[in-house]
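What follows is a single structure, written as structure tokens, with notes after it.
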Amino acid sequence: MSKIQQAIRERILVLDGAMGTMLQRHNFSEEDFRGERFKDFPHPLKGNNDLLSLTQPEAVKDVHRQYFAAGADIVETNTFSGTTIGMADYHMENLVCELNYESAKIAREVADEFTDRPRFVAGSIGPTNRTASMSPDVNDPGFRAVTFDDLRIAYKEQVKALIDGGVDVLLVETIFDTLNAKAALFAIEEIKDELGIDIPVMVSGTITDASGRTLSGQTVEAFLISISHLPLLSVGFNCALGADQLKPYLKRLAHNTSFSISAHPNAGLPNAFGEYDQTPAEMQQLIKEYLDDNLINIIGGCCGTTPEHIRLISEVSKKYKPRELSVVG
């Protein structure tokens, strides 16, 4: 049994908050994104947050450090867009291995600074900006911008580099299309077989609106069935909704699975300017309701959350036992 599998039995684990929210505070310019190494790169690079692991590594380290200091047990690598598919927007597909390896190494170094209890690094595997289940062209519903194999190959490269960089767990997150996630999970299984290793895997989907479905149309229960053939460390939801809007879907998840449950909601819903106004104290109160209802094993924050949000979530989580796992079915 891995250390994280042991820890999740003993206590509620706290995941970090938003990486993007924290990096945006620096107001990095195009020149900052480029650094010295990419100063003559022929395409714009501003907005490529994953690249900051190479050009502004101290800023990325500082974000991880702040979240661990706030009480996080797990931080996510700065690799949300770290596939050849995601990096194609910036013409940086050839950097995928280096970006993932260095991002994992940065997070690992910071995790090892904290010796009071085991701290973990989750390799963040985002959904890419393409969907394998739906056509991007309303006039051609049969068209697909990406295939399952395209995704599998891209994810495989990312996963191998994350493992080489020292992650403890892989987090397939912000899933809006379960077929994309299945490609990632298939790639992970292939890498595990090839390397002869076993690494825990977390899966986190996204309920996009009040319909209670993912973007590709699956209900909570359908999503769960689609990924439950694998021995996952946890299954859960993140992004799109705040903690209050997410709660009914976590309840449905908890009633239908024997896996551990994770949640990292946004700090409420965005305002007219796309910013998140929910205070740490407000979010803490909503997370307390999850804990009172015994819904979760892993809790953190997504868009708009900061170390202060995580500090208050960590404080309240310490007062509760993790959700007990029961056999469903």
Side-chain angles (χ1 to χ4, degrees), residues 1-23 50 52-53 57-80 82 100-125 159 161-173 197-204 232-234 236 238 260-264 280 283-284 287 291 296-302 305-323:
M1 184 185 296
S2 69
K3 285 185 178 178
I4 197 168
Q5 288 166 323
Q6 184 64 41
I8 203 171
R9 293 182 173 194
E10 297 168 356
R11 65 185 189 275
I12 291 170
L13 298 182
V14 177
L15 190 66
D16 61 3
M19 172 63 75
T21 297
M22 296 298 290
L23 291 175
D50 293 25
L52 295 173
S53 294
E58 289 307 315
V60 176
K61 274 187 184 178
D62 183 58
V63 174
H64 292 321
R65 201 171 281 123
Q66 286 188 57
Y67 280 126
F68 276 135
D73 297 288
I74 310 167
V75 298
E76 299 174 54
T77 55
N78 181 37
T79 55
F80 186 79
N100 284 278
Y101 177 80
E102 291 299 330
S103 293
K105 198 172 153 198
I106 284 169
R108 175 85 272 145
E109 285 173 8
V110 179
D112 292 344
E113 292 173 10
F114 291 81
T115 56
D116 55 335
R117 65 178 188 273
R119 306 290 184 123
F120 305 104
V121 175
S124 173
I125 300 170
V159 167
L162 287 170
I163 292 171
D164 287 347
V167 302
D168 302 288
V169 59
L170 296 167
L171 170 55
V172 181
E173 64 166 314
I197 62 164
D198 192 18
I199 186 167
V201 179
M202 299 167 62
V203 168
S204 184
L232 303 173
L233 177 72
S234 66
N238 73 289
S260 293
I261 301 284
S262 74
H264 47 298
M283 192 169 183
Q284 181 194 49
I287 298 302
L291 298 163
I296 50 173
N297 304 87
I298 302 173
I299 184 66
C302 205
T305 55
T306 66
E308 185 60 15
H309 288 83
I310 297 306
R311 186 178 71 78
L312 293 190
I313 288 170
S314 174
E315 280 180 10
V316 73
S317 298
K318 287 175 186 170
K319 301 172 185 174
Y320 292 81
K321 289 189 168 69
R323 169 180 168 271

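The analysis underlying the following values was restricted to heavy atoms, covering all of them including side chains, and did not include hydrogens, waters or symmetry mates.
- Side-chain contact between L13 and I4: present, with at least one pair of heavy atoms (C-beta onward) separated by less than 4.5 Å.
- The two residues T115 and D112 have their closest heavy-atom pair at CG2-O, 3.9 Å.
- At a threshold of 4.5 Å between non-hydrogen side-chain atoms, the residues D16 and I74 do not count as touching.
- Counting heavy atoms from C-beta outward, R65 and F114 have side chains that approach closer than 4.5 Å.
- When only modelled atom types and interatomic distance are considered, S234 and S260 share no side-chain donor-acceptor pair under 3.5 Å.
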inquiry  = Is there a side-chain contact (heavy atoms from CB on, under 4.5 Å) between M19 and H64? Walk through the geometry before answering.
reply    = CA-CA 8 Å; M19 172 63 75; H64 292 321; 3.4 Å; yes
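- The two atoms that bring M283 and G300 nearest to each other are CE-O, 4.2 Å, heavy atoms only.
- The backbone N or O of S124 sits less than 3.5 Å from a side-chain atom of T77, completing a donor-acceptor pair.
- By the 4.5 Å heavy-atom criterion applied to side chains, L232 and M202 are not counted as neighbours.
- For the pair S317/L291, a side-chain contact is recorded, criterion being any heavy-atom separation below 4.5 Å from C-beta on.
- N78 and S103 share no side-chain donor-acceptor pair at under 3.5 Å.
- Closest non-hydrogen pair, S204 versus L171, comes out as CB-CD1, 4.2 Å.
- The residues D168 and R119 are annotated as not salt-bridged, no charged nitrogen and carboxylate oxygen being separated by less than 4.0 angstrom.
- Contact of the N297 side chain with the I12 side chain is not registered, since no non-hydrogen atoms from C-beta on lie closer than 4.5 Å.
- Of all non-hydrogen atoms in N238 and C302, the two that sit nearest each other are ND2-SG, 3.6 Å.
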- Go through D164 and N100 one step at a time and tell me if the side-chain contact (heavy atoms from CB on, under 4.5 Å) criterion holds. CA-CA 9 Å; D164 287 347; N100 284 278; over 6 Å; no
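- Salt-bridge check for R11 with D73: passed, with a basic side-chain N closer than 4.0 Å to an acidic carboxylate O.
- With hydrogens and angles ignored, the 3.5 Å screen pairs a side-chain donor or acceptor of Y67 with a backbone N or O of A18.
- Between T79 and I125, every side-chain heavy-atom pair lies at or beyond the 4.5 Å cut-off.
- A 4.5 Å side-chain heavy-atom check between M22 and P307 finds at least one atom pair inside the cut-off.
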